[in-house]
Asks: 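Quick one: structure below, then a few questions.
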Amino acid sequence: MNSEWWKQSVVYQVYPKSFYDSNQDGSGDIRGIIEKLDYLKKLGIDVIWLNPLYQSPYVDNGYDISDYYQINPDFGTMADFDALLQEAHQRDIKIIMDLVVNHTSDQHEWFKKSQQVPKNKYRDYYIWKDPVEGHEPTNWGSSFGGSTWEFNEEIGQYYLHLFAKEQPDLNWENPEVRQEIYKMMRFWLDKGIDGFRMDVISLLSKKPDYPDGRVIQNRKLGTYYDGASNGPRVHEFLHEMYQEVLSHYDVLTVGETPNTNADQGVLYSDPTREELNMVFHFEHMHVDYGKYGKYSNASFKLTDLKKVLTEWQEKLYQKGWNSLYWNNHDQARVISRFGDDQEYRVTSGKMLATLLHFMQGTPYIYQGEEIGMTNVKFPELTDYQDLDVFNTYKELTEMHQLSHEFAMEAIHAKSRDNARTPMQWSEEKFAGFSKVNPWLAVNSNYPAINVEKALEDPNSLFYYYQKLIQLRKEYEIITTGRYQLLAADSEKIYYYTRETDDQILVVVCSFSNETEEFVLENYSDLATHSEAKLLSGNYLEASQVASEMILKPYEAVAYLFDKKGK
Ligand code: NOJ
């Protein structure tokens, strides 16, 4: 059962802990989200994705779940959650939840029992392995530093954790584990939620021979990707999940799929295969990786970005479906990363929004993106909260012997806390997020960048996003048109078209902070069509579409042509 409503939808991601604090304890909560639903309605989004709200010791901000059936009391109660669902549905907004089933918390009942001696059936709910020649079974390095294996003296075995040691991996080979997960999914779907974002779903099936991973330059440990991503049974598991659970509900499913290319993206999202609707890939998030991986402030090449986005647009066309994102709770803020967070903050933010929202797929907006929130530069390491920051600092300074300054620069550029600073609602103290000191400090630029200001300014980023969302509803071509990249070699201008039998949409985006001359190589073809209609532009005076265009710094325009005789 699937009506494909998610193809016309725009999703807004809420990171509950940082969205809005309704009870003044410094941490966002469910009632806070309810209070802001009208704001989201005004923006025009169709769906909210909620990061994990479940019971959790919070070692990895809720991605370590100790009870899938309970709401974490810091966020409120199940009654609050039911109220949120009802209030959202009343406004015609759907809600999707995070599904974190590659691993649980080490405080989950299953894992507690898994460690008991003598052994019981729960031992086989997780992945326990004997030492190999006195060592870890493989050389795999965890996402948060160190080995993926943790030794248990009493049992004499290691358990696997691809993330923190408090996040043991579930054993998906065990059919009973799968049934437990399906039961839990039905519980939430029967409550009326509208789908799931599935955490690291490409990692569910590990290669049975547990091969060592390749050791990448500057890494002591091998990556687990070789043995754990897109493993031999992952598609079988997801198809089973579809048959047993998802096919019985009209829902949106998006899988987070690290280490997945566009060909694999088709396998996950081709509707005839009955797995997922779409995936979040990471390939465009890797274009600015440096010598030490993600934690780098390396610049990126626009041609690399084009290559990745184009490949996904082309390969999934009429085969699968794309999800479109720049930001989420794990990524640096896009304006600081691919735009300009100073003079051209709003202009470059609009340009990036234009580039993404005219592509084929379902766009995701991460809280604060719609007002142009930027990266934060906390001066002290202790100002940060994310465990990944501390592990990275240690890795850079101890393992690689790099300076404190180098490590802090990398953290400023890429820390996940860049995305997690509290939502900036107003210029009141603590950005109007809370009346008390928040769990993570607010970005000091909140007096200038906040929702209240954005709503007062008709030219704000907020209203630009609002319009992009409306355009998607008005113009079918944004959902269906075929994508084509032009000027592939330009390092300054990203130019693509979308085309149907009746229309051509021309999207020109400048990544330059200077005025640029740009030749529209296919202008003679375009000129045979109707007058161009400006759908969107980020300057009050948009540059005319012409064979030679003069683009202002970070200018973006989208023009629509009706084909003659149509
Ligand atoms: C991906 C999530 O988005 C991230 O926040 C989390 O740390 C890991 N998966 C582990 O669950």
Side-chain angles (χ1 to χ4, degrees), residues 11 13-19 28 49-66 68 72 96-108 111 126-127 140-146 148 150 159-170 172 181 196-204 206 223-225 228-230 234 253-260 276 278-286 293-295 323 325-333 364 366-367 369 384-392 411 414-421 439-440:
V11 183
Q13 182 188 350
V14 167
Y15 193 71
K17 198 171 168 70
S18 299
F19 195 57
W49 152 27
L50 297 168
N51 284 97
L53 292 166
Y54 314 92
Q55 178 87 54
S56 160
Y58 240 71
V59 170
D60 182 23
N61 282 16
Y63 283 92
D64 47 323
I65 297 171
S66 50
Y68 289 108
N72 184 340
I96 67 170
M97 303 267 285
D98 228 300
L99 183 77
V100 189
V101 292
N102 174 69
H103 44 266
T104 66
S105 158
D106 63 349
Q107 299 306 307
H108 194 289
F111 191 68
Y126 294 85
I127 300 170
W140 299 359
S142 124
S143 277
F144 298 141
T148 59
E150 183 73 11
Y159 69 84
L160 178 72
H161 61 89
L162 297 183
F163 295 87
K165 68 176 189 327
E166 295 85 355
Q167 292 168 296
D169 278 49
L170 281 166
W172 272 73
I181 300 295
F196 290 110
R197 173 269 187 189
M198 303 186 186
D199 193 58
V200 293
I201 211 72
S202 54
L203 306 183
L204 291 189
K206 281 76 179 171
T223 164
Y224 62 71
Y225 286 148
S229 23
N230 304 305
V234 70
T253 54
V254 50
E256 188 205 27
T257 52
N259 203 35
T260 292
L276 302 173
M278 61 192 115
V279 298
F280 288 130
H281 70 85
F282 286 77
E283 295 199 307
H284 62 313
M285 294 283 114
H286 291 174
K294 163 183 166 177
Y295 281 88
S323 61
Y325 77 96
W326 286 131
N327 293 280
N328 61 41
H329 63 291
D330 293 330
Q331 300 294 339
R333 292 275 178 185
Y364 289 73
Y366 178 69
Q367 66 182 45
E369 179 179 335
Y384 286 87
Q385 290 283 346
D386 181 18
L387 84 164
D388 196 31
V389 167
F390 305 116
N391 292 333
T392 300
I411 287 166
K414 290 291 172 61
S415 110
R416 304 196 297 182
D417 283 342
N418 279 313
R420 299 176 183 185
T421 59
W439 71 279
L440 175 68

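In listed order, ligands and their atoms are each counted from 1.
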Asks: Check whether the ring centres of Phe111 and Tyr126 lie less than 6.0 Å apart, and answer yes or no.
Replies: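 Judged by ring-centre distance (under 6.0 Å), Phe111 and Tyr126 do meet the cut-off.
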Asks: Less than 4.5 Å apart, any side-chain heavy atom of Trp140 and any of Thr223?
Replies: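 Trp140 vs Thr223: side chains apart.
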Asks: Can you name the residues that form a salt bridge (charged side-chain N to carboxylate O under 4.0 Å, His left out) with Asp417, not counting sequence neighbours?
Replies: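 Asp417: no salt bridge (charged side-chain N to carboxylate O under 4.0 Å, His left out) contacts found.
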Asks: Can you name the side-chain hydrogen bond (donor to acceptor under 3.5 Å, both in side chains) partners of Ser143, sequence neighbours left out?
Replies: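 Partners of Ser143 under the side-chain hydrogen bond (donor to acceptor under 3.5 Å, both in side chains) test: Tyr224.
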Asks: Can you pull every nitrogen or oxygen pair between ligand 1 and the protein closer than 3.5 angstrom?
Replies:
unit_1, atom_1, unit_2, atom_2, d
ligand 1, 3 (O), Arg197, NH2, 3.0
ligand 1, 3 (O), His329, NE2, 2.7
ligand 1, 3 (O), Asp330, OD2, 2.5
ligand 1, 5 (O), His329, NE2, 3.1
ligand 1, 5 (O), Asp330, OD1, 2.7
ligand 1, 5 (O), Asp330, OD2, 3.4
ligand 1, 5 (O), Arg416, NH1, 3.3
ligand 1, 7 (O), Asp60, OD1, 3.3
ligand 1, 7 (O), Asp60, OD2, 2.5
ligand 1, 7 (O), Arg416, NH1, 3.0
ligand 1, 9 (N), Asp199, OD1, 2.9
ligand 1, 9 (N), Asp199, OD2, 3.3
ligand 1, 11 (O), His103, NE2, 3.0
ligand 1, 11 (O), Asp199, OD2, 2.7

Asks: Can you name the salt bridge (charged side-chain N to carboxylate O under 4.0 Å, His left out) partners of Lys17, sequence neighbours left out?
Replies: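 Partners of Lys17 by the salt bridge (charged side-chain N to carboxylate O under 4.0 Å, His left out) criterion come out as none, since no residue qualifies.
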Asks: Is the distance between the ring centroids of His329 and Tyr63 under 6.0 Å?
Replies: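 Yes - the distance between ring centres of Tyr63 and His329 falls below the 6.0 Å cut-off.
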